[in-house]
Visitor: 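Structure incoming, see below.
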Amino acid sequence: MPKYLLIMRGTDETNAAMMADLDEMMASTRLFIEDMMKAEVLVAAEGLDDPRQGVVVDFGGEAPVVTDGPYGETRELFGGYFMLDVTTKQEAVEWAKRVPAVRGSKIEVRRVAEADEVPQGSESNGRI
């Protein structure tokens, strides 16, 4: 079966709203994860640390440049993901609609490429 990522995307405002009700959000998320486990579709789920703790490695010039977070040019932040093993994109979308999320946040649904879809050999120069 294909795998899909439900990518949690938010802004500084939605992250603040989530933190204001963190206990309720965590309880809702635990129930959501339990539902996915019962349905045997959950492969993995991870949340990310505060974006101010990260860095960006920019390959726009001759040499990579490392910049500390937060990311001033980014309006939407990748906050974590759920990886599901489902039969169709529509099934992944239905699960995405159930993600406990605060108003204004988004869930991006993306299919995970399978090994035979990734370029192999010298044409890819070692890059995916």
Visitor: Apply side chain to side chain contact (heavy atoms under 4.5 Å, CB included) to the pair Met25 and Val102, showing each step before the final yes or no.
Guide: CA-CA 9 Å; Met25 181 62 68; Val102 297; 3.5 Å; yes
Visitor: Is any side-chain heavy atom of Asp85 less than 4.5 Å from a side-chain heavy atom of Val41?
Guide: no
Visitor: List the steps, then state whether side chain to side chain contact (heavy atoms under 4.5 Å, CB included) holds for Val66 with Val56.
Guide: CA-CA 6 Å; Val66 178; Val56 172; over 6 Å; no
Visitor: Applying side chain to side chain contact (heavy atoms under 4.5 Å, CB included) to Leu22 and Glu24, what does each step give before you reach the verdict?
Guide: CA-CA 5 Å; Leu22 187 59; Glu24 183 179 328; over 6 Å; no
Visitor: Side-chain heavy atoms under 4.5 angstrom apart, residues restricted to Ile, Leu, Val, Met, Phe, Trp, Tyr: same cluster for Phe32 and Met26?
Guide: no
Visitor: Could you tell me the separation between the CG atom of Leu84 and the NZ atom of Lys3, rounded to the nearest 0.5 Å?
Guide: 11.0 Å
Visitor: Roughly how far, to the nearest 0.5 Å, is the CG atom of Asp35 from the CZ atom of Arg30?
Guide: 13.5 Å
Visitor: Does the Glu91 side chain pair with the main chain of Thr87, one donor and one acceptor, at a distance under 3.5 Å?
Guide: yes
Visitor: Do Phe82 and Leu31 sit in the same hydrophobic cluster, where Ile, Leu, Val, Met, Phe, Trp and Tyr count as joined when their side-chain heavy atoms come under 4.5 Å apart?
Guide: no
Visitor: With clusters defined by side-chain heavy atoms of hydrophobic residues (ILVMFWY) lying less than 4.5 Å apart, directly or transitively, does Met36 cluster with Val93?
Guide: yes
Visitor: Give a yes or no on whether Glu108 atom CD has more than 12 heavy-atom contacts from other residues, nucleotides or ligands under 6.0 Å away.
Guide: yes
Visitor: Taking C-beta and beyond as the side chain, do Val112 and Glu114 meet within less than 4.5 Å on heavy atoms?
Guide: no
Visitor: Look at the side-chain heavy atoms of Ile, Leu, Val, Met, Phe, Trp and Tyr, link any pair under 4.5 Å apart, and say whether Val65 and Val55 land in one connected group.
Guide: no
Visitor: Answer whether the closest heavy-atom distance between the side chains of Tyr81 and Leu6 falls below 4.5 Å.
Guide: no
Visitor: If you apply the rule side-chain hydrogen bond (donor to acceptor under 3.5 Å, both in side chains), what do you find for Thr88 with Gln90, and how did you get there?
Guide: CA-CA 5 Å; Thr88 66; Gln90 187 56 41; over 6 Å; no
Visitor: What closest approach, in Å, do Thr14 and Gly10 show between heavy atoms, and which atom pair accounts for it?
Guide: OG1-CA, 3.2 Å
Visitor: Starting from the C-alpha separation in whole Å, work towards a yes-or-no answer on salt bridge (Lys or Arg N to Asp or Glu O under 4.0 Å) for Arg111 and Glu117.
Guide: CA-CA 12 Å; Arg111 189 175 66 82; Glu117 297 175 303; 2.9 Å; yes
Visitor: Just by distance, do the side chain of Ser105 and the backbone of Ala101 share a donor-acceptor pair under 3.5 Å?
Guide: no
Visitor: Answer yes or no: does atom CD of Glu40 have more than 12 heavy-atom neighbours from other residues, nucleotides or ligands under 6.0 Å?
Guide: no
Visitor: Please tell me whether Ile107 and Leu48 are part of a single hydrophobic cluster in this structure, the criterion being side-chain heavy atoms less than 4.5 Å apart.
Guide: no
Visitor: Between Tyr4 (side chain only) and Lys89 (backbone N and O only), is there a donor and an acceptor less than 3.5 Å apart?
Guide: yes
Visitor: Output the distance between atom CE (Met83) and atom CG (Leu5), rounded to the nearest 0.5 Å.
Guide: 4.5 Å
Visitor: Would you say that Phe78 contacts Met8 through its side chain, given a criterion of any heavy-atom pair below 4.5 Å between the two side chains?
Guide: no
